[in-house]
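This report refers to the structure that appears directly beneath it.
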Amino acid sequence: KPETTPVISVLKNASIRTVMVTGDNLLTAVSVARECGMIEPDHQAIMVKADSTSATPSVTFHLLQDGKDLSTMMLSNDIGHTPISAHPSPLLSDEVVPNNVEENGWALNRVKKFHIVVDGKSFAVIRTECPDLLPKLLVKGSVFARMSPDQKAQLVTDLQGLGYGVGMCGDGANDCGALKAAHAGISLSEAEASVASPFTSKVPNITCVPKVIMEGRAALTTSFSVFKFMAL
């Protein structure tokens with residue numbers, strides 16, 4: 001929607017992190033995230049794929065550019081089968097090491113600014129089989145696609161478990177669980193989602209988000225001022 005990009009920019013300027021959680025296709029979600037400014041043009045999108053069909057669960061990182069897979073790295077819980085580093089998740093740190101690793105002509109050490117994108121199937125595998133990776137995935141993750149309603153609610157509660165104050169916007173029945181679990185749920189429709197969320201927007205876009213945040217901060221400031229007045 002045309003109103004989305006300016007709101008994302010306002011939230012970023014206020015140091016408020018934005019995360020997309022959707023039931024749509026992952027590459028479609030990444031494209032929308034780039035268009036609205038959630039993923040900057042000079043930042044890379046790294047898709048995480050987790051597989052638990054083998055005896056040892058593995059995690060694969062795909063560096064995406066224009067929706068294409070440029071490089072692949074296999075990581076395993078078994079350190080003896082980790083070809084890059086003994087660290088279980090080098091791509092989920094601020095720097096990509098070591099400097100001499102290159103896959104398909106792509107120097108991995110160039111990836112300094114990146115966003116993790118993951119689908120619901122891989123999210124479920126990491127959550128159950130690789131719980132040590134989950135906090136790093138949540139901190140670096142910007143797009144969560146093909147997520148079921150239960151997984152959306154799980155994502156909200158997992159972020160809250162890391163100490164985040166989580167707000168959630170949604171407009172469908174599949175968002176009700178996440179809207180109810182969030183600290184501040186905003187329904188963008190007056191249908192099913194409005195029943196589960198404490199706030200309902202009269203306009204079907206996210207322009208209401210900065211307003212809710214400002215009103216909340218103003219109310220908090222007023223409460224503090226009242227307590228200070230009573231104390232004095």
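Model, not experiment: these values are computed from the prediction. What's counted below: heavy atoms across the whole structure, side chains too, no hydrogens, waters or symmetry copies.
Asp175 is not listed as a side-chain neighbour of Pro149, based on a closest heavy-atom distance of 4.5 Å or more. Counting only heavy atoms from C-beta outward, the side chains of Asp171 and Ser187 never approach each other to under 4.5 Å. A 4.5 Å side-chain heavy-atom check between Met147 and Leu155 finds at least one atom pair inside the cut-off. Side chains of Asp158 and Phe123 form a contact here, defined as non-hydrogen atoms less than 4.5 Å apart. Using a 4.5 Å heavy-atom threshold, the side chains of Cys169 and Val209 count as touching. Side-chain atoms of Val32 and Met20, non-hydrogen and from C-beta on, do get closer than 4.5 Å to each other. Looking at heavy atoms from C-beta onward, Leu63 lies in side-chain contact with Gln44 at the 4.5 angstrom threshold. With a 4.5 Å cut-off on side-chain heavy atoms, Phe144 and Val19 count as touching.
No side-chain donor-acceptor contact under 3.5 Å links Arg17 to the backbone of Leu11. Without hydrogens or angle criteria, Thr28 side chain to Asp24 main chain gives no donor-acceptor distance under 3.5 Å. For Ser197 (side chain) and Ile186 (main-chain N/O), no donor-acceptor pair under 3.5 Å exists by modelled atom type. Remark: side-chain polar atoms of Gln151 are paired, donor with acceptor, to backbone N or O of Gly120 under 3.5 angstrom. A distance-only check finds no donor-acceptor pair linking the side chain of Ser31 to the backbone of Leu27 [under 3.5 Å]. Between the side chain of Thr222 and the main chain of Ala218, a donor-acceptor pair closer than 3.5 Å is present. A distance-only check finds a donor-acceptor pair linking the side chain of Gln160 to the backbone of Ala181 [under 3.5 Å]. In this structure, the side chain of Ser122 engages the main chain of Ala50 through a donor-acceptor pair within 3.5 Å.
Put simply, Val125 and Ile116 are part of two different groups of oily side chains (I, L, V, M, F, W, Y) that touch within less than 4.5 Å, one to the next. Hydrophobic clustering of Ile, Leu, Val, Met, Phe, Trp and Tyr side chains at less than 4.5 Å, counting indirect connections, keeps Phe199 apart from Val195. The hydrophobic clustering, which links ILVMFWY residues whose side-chain heavy atoms are closer than 4.5 Å, places Met214 and Ile16 apart. Transitive grouping of hydrophobic side chains (ILVMFWY, heavy atoms separated by less than 4.5 Å) keeps Leu188 and Val10 in distinct clusters.
Of all the heavy atoms in Val166 and Ala182, the pair that sits closest is O-CB, 3.6 Å. Here the closest non-hydrogen pair linking Ser142 and His115 is OG-ND1, 2.7 Å. When all heavy atoms are compared, the tightest approach of Thr207 to Glu3 is CG2-CB, 3.7 Å. For Thr200 against Ser189, the heavy-atom pair with the smallest separation is CG2-O, 3.6 Å. The shortest heavy-atom contact between Ala45 and Val117 is CB-CG1, 4.5 Å. Closest non-hydrogen pair, Pro6 versus Pro2, comes out as CD-O, 3.4 Å.
In this structure, Leu159 CG and Leu138 CG are separated by 5.0 Å, a value rounded to the nearest 0.5 Å. A distance of 8.0 Å separates CD1 of Ile206 from OG1 of Thr18, quoted to the nearest 0.5 Å. Atom CG of residue Leu133 and atom NZ of residue Lys140 lie 14.0 Å apart, to the nearest 0.5 angstrom. The CZ atom of Phe61 lies 13.0 Å from the NZ atom of Lys49; values are rounded to the nearest 0.5 Å. Between the NZ atom in Lys136 and the SG atom in Cys130 there is a gap of 12.0 Å [rounded to 0.5 Å]. Rounded to the nearest 0.5 angstrom, Leu179 CG and Asn174 CG are separated by 9.5 Å.
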*Show your reasoning for whether side-chain hydrogen bond (donor to acceptor under 3.5 Å, both in side chains) applies to Ser148 and Asp150.*
CA-CA 5 Å; Ser148 68; Asp150 288 341; 5.4 Å; no

Derivation of the side chain to side chain contact (heavy atoms under 4.5 Å, CB included) call for Leu137 and Ile126:
CA-CA 9 Å; Leu137 178 70; Ile126 292 174; 3.9 Å; yes

Run the numbers on Val143 and Val118 for side chain to side chain contact (heavy atoms under 4.5 Å, CB included), then give the verdict.
CA-CA 6 Å; Val143 175; Val118 65; over 6 Å; no

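With sequence neighbours excluded, the residues satisfying salt bridge (charged side-chain N to carboxylate O under 4.0 Å, His left out) with Lys12 are Glu40. Residues that satisfy the salt bridge (charged side-chain N to carboxylate O under 4.0 Å, His left out) test with Arg146, not counting sequence neighbours, are absent from this structure.
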